[in-house]
Amino acid sequence: MSASATIKLSVVIPVFNEEGNLPMLCSRLYPVLDGLGRSYEVIFTNDGSSDRTGVLLAAQFAARPEVTRVIEFKANCGQHMAVMAAFERVRGEVIVTLDADLQNPPEEIPVLLAQTDAGFDCVGGVRQDRQDSAFRRHVSQLVNWVRSHATSIQMTDQGCMLRAYSRGVVDGVVRSGAANTFIPALAYSLAQKPTEVPVAHEERHAGTSNYSVYRLIRLNFDLITYFSTAPLQLFTIFAMFCSACSFLLVVVLGLRRLIIGPEVGGLFTLFGILFFLISVCMVGIGLIGEYMGRTYQVVRNRTGYHISRILESPE
Ligand code: UDP
Ligand code: MG
């Protein structure tokens, strides 16, 4: 689906209710890109914003139509789907992603490009002196730990969206057809020569984070469940352990019944049998889960967004 690479750089920005940030973002981003001396395009995805984001993006397209493209979603489909829709349409040889709220300073883009120029195909920014709440930072640490143990993905700062990819990696992400995924991790898993660089991080310029605790949990669930079926496997292993223990209990109680005779009116024996049957059910649920997990791996590839219109100049 991707068009052929005709320009050097595509900058991809997901935007959801960022009317307070877009003017400042554009006034900082375009001069940086103009100063690079390479051909570029900026692709904004308006992820179903309900504020003036759509109007501001249309104005930006009118102001710089030769280097600006705007994808409008019909409804809010999530940051990663917004990035995915842009990935499917990029024209650049190198693709940079960043947030619209100026937490990722556009002035850091040349730092990433130095790495892609040096031959790295996936450059991850590592936020220095991260300007987020203590809660967010702790959640990141926890998810980092779980991810590094449950999956084979090794990244220092998975949550940083200031990243650069070669066209090959982005095409791979697109070909995977993934919905409900975590793009930095998926891209990393497809990269041959990944690297990381420290980048600055700023406080959100205006507005508040779009991630409530609920959305944060869902996002991180996407990250873990997309890349591993470890939660299901842990459940099955735990159920098997319970099964083995209760089987032993049944044997012990059975022997006591034969040697000592009935205890507490046979209640112990009943409990032993009950525990065993419950564990058998648990193993069964775990096994069903295992098969469902495999089915899910096949089924999860489907488009997760709907476009209402695209503003762009012909190639
Ligand atoms: N975003 C989006 N769709 C969403 C949520 C966020 O396109 O449903 C965009 C948002 O406009 C911003 C980026 O994704 O450009 C990161 O969002 P935010 O700053 O709210 O997240 P945080 O920095 O708190 O992780
Ligand atoms: Mg932010």
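Just follow the structure's listing: the first ligand is 1, and inside any ligand the first atom is 1.
Contact annotation: the side chain of T45 never approaches that of Y305 to less than 4.5 Å [non-hydrogen atoms, C-beta and beyond].
A salt bridge links R28 with E202: the closest approach of a Lys/Arg side-chain nitrogen to an acidic carboxylate oxygen falls below 4.0 angstrom. In this structure, K8 does not pair ionically with D117, as no charged nitrogen and carboxylate oxygen lie closer than 4.0 Å. With respect to the salt-bridge test (charged N to carboxylate O, under 4.0 angstrom), the residues E41 and R64 do not qualify. Salt-bridge check for E18 with R204: passed, with a basic side-chain N closer than 4.0 Å to an acidic carboxylate O. With respect to R127 and D157, a salt bridge is recorded, a charged nitrogen being found less than 4.0 Å from a carboxylate O.
Set against the non-hydrogen atoms of G78, the atoms of ligand 1 under 4.0 Å away are 3 (N), 8 (O). Against a heavy-atom cut-off of under 4.0 Å, D101 is close to the following atoms of ligand 1: 19 (O), 23 (O). Taking every heavy atom of V15 and a limit of under 4.0 angstrom, the matching atoms of ligand 1 come to 7 (O), 11 (O). The ligand atoms of ligand 1 that sit less than 4.0 angstrom from a heavy atom of N76 are 3 (N), 4 (C), 8 (O).
Within the 6.0 Å centre-distance limit, the rings of F182 and H80 are counted as a close aromatic pair.
Nearest non-hydrogen protein atom to atom 13 (C) of ligand 1 is D99 OD1, 3.4 Å. Protein heavy atom closest to atom 1 (N) of ligand 1, with residue, atom name and distance, is F16 CB, 3.7 Å. Nearest protein heavy-atom contact of atom 24 (O) of ligand 1 is S209 OG, 2.5 Å. In terms of protein heavy-atom proximity, atom 21 (O) of ligand 1 is nearest to Y211 CD1, 3.3 Å. With hydrogens left out, the protein atom closest to atom 23 (O) of ligand 1 is Q103 OE1, 2.7 Å, a heavy atom. Among protein heavy atoms, atom 9 (C) of ligand 1 sits closest to P14 O, 3.6 Å. Closest to atom 6 (C) of ligand 1 among all protein heavy atoms lies N210 ND2, 3.6 Å.
With respect to I13, the side chain to side chain contact (heavy atoms under 4.5 Å, CB included) criterion is satisfied by exactly one of L22, D99, L25: L25. If you run side chain to side chain contact (heavy atoms under 4.5 Å, CB included) between R147 and each of N220, L142, L223, only L223 comes through.
Distances from atom 3 (N) of ligand 1 to the heavy atoms of N21, D47, L22 put D47 nearest. The heavy atom nearest to atom 22 (P) of ligand 1, considering only R136, R204, R215, is found in R136. For atom 12 (C) of ligand 1, the nearest non-hydrogen atom from the set H201, E18, Q79, M81 belongs to E18.
Cation-pi contact between R218 and F221: absent, since separation from the ring centre below 6.0 Å together with deviation from the ring axis within 45° is not met.
Summary: OD2 is the N/O/S atom of D101 found nearest to the Mg ion (ligand 2).
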Exercise for the section: Decide yes or no on side chain to side chain donor-acceptor pair (under 3.5 Å) for N210 and Q79, but give the supporting numbers first. Expected result: CA-CA 10 Å; N210 292 300; Q79 177 186 354; over 6 Å; no
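When distances to the Mg ion (ligand 2) are checked against a cut-off of 2.8 Å, N210 contributes no N, O or S atom below that limit. None of the N, O or S atoms belonging to D132 lies under 2.8 Å away from the Mg ion (ligand 2).
Any N or O atom pair closer than 3.5 Å counts here, and A100 shares at least one such pair with ligand 1.
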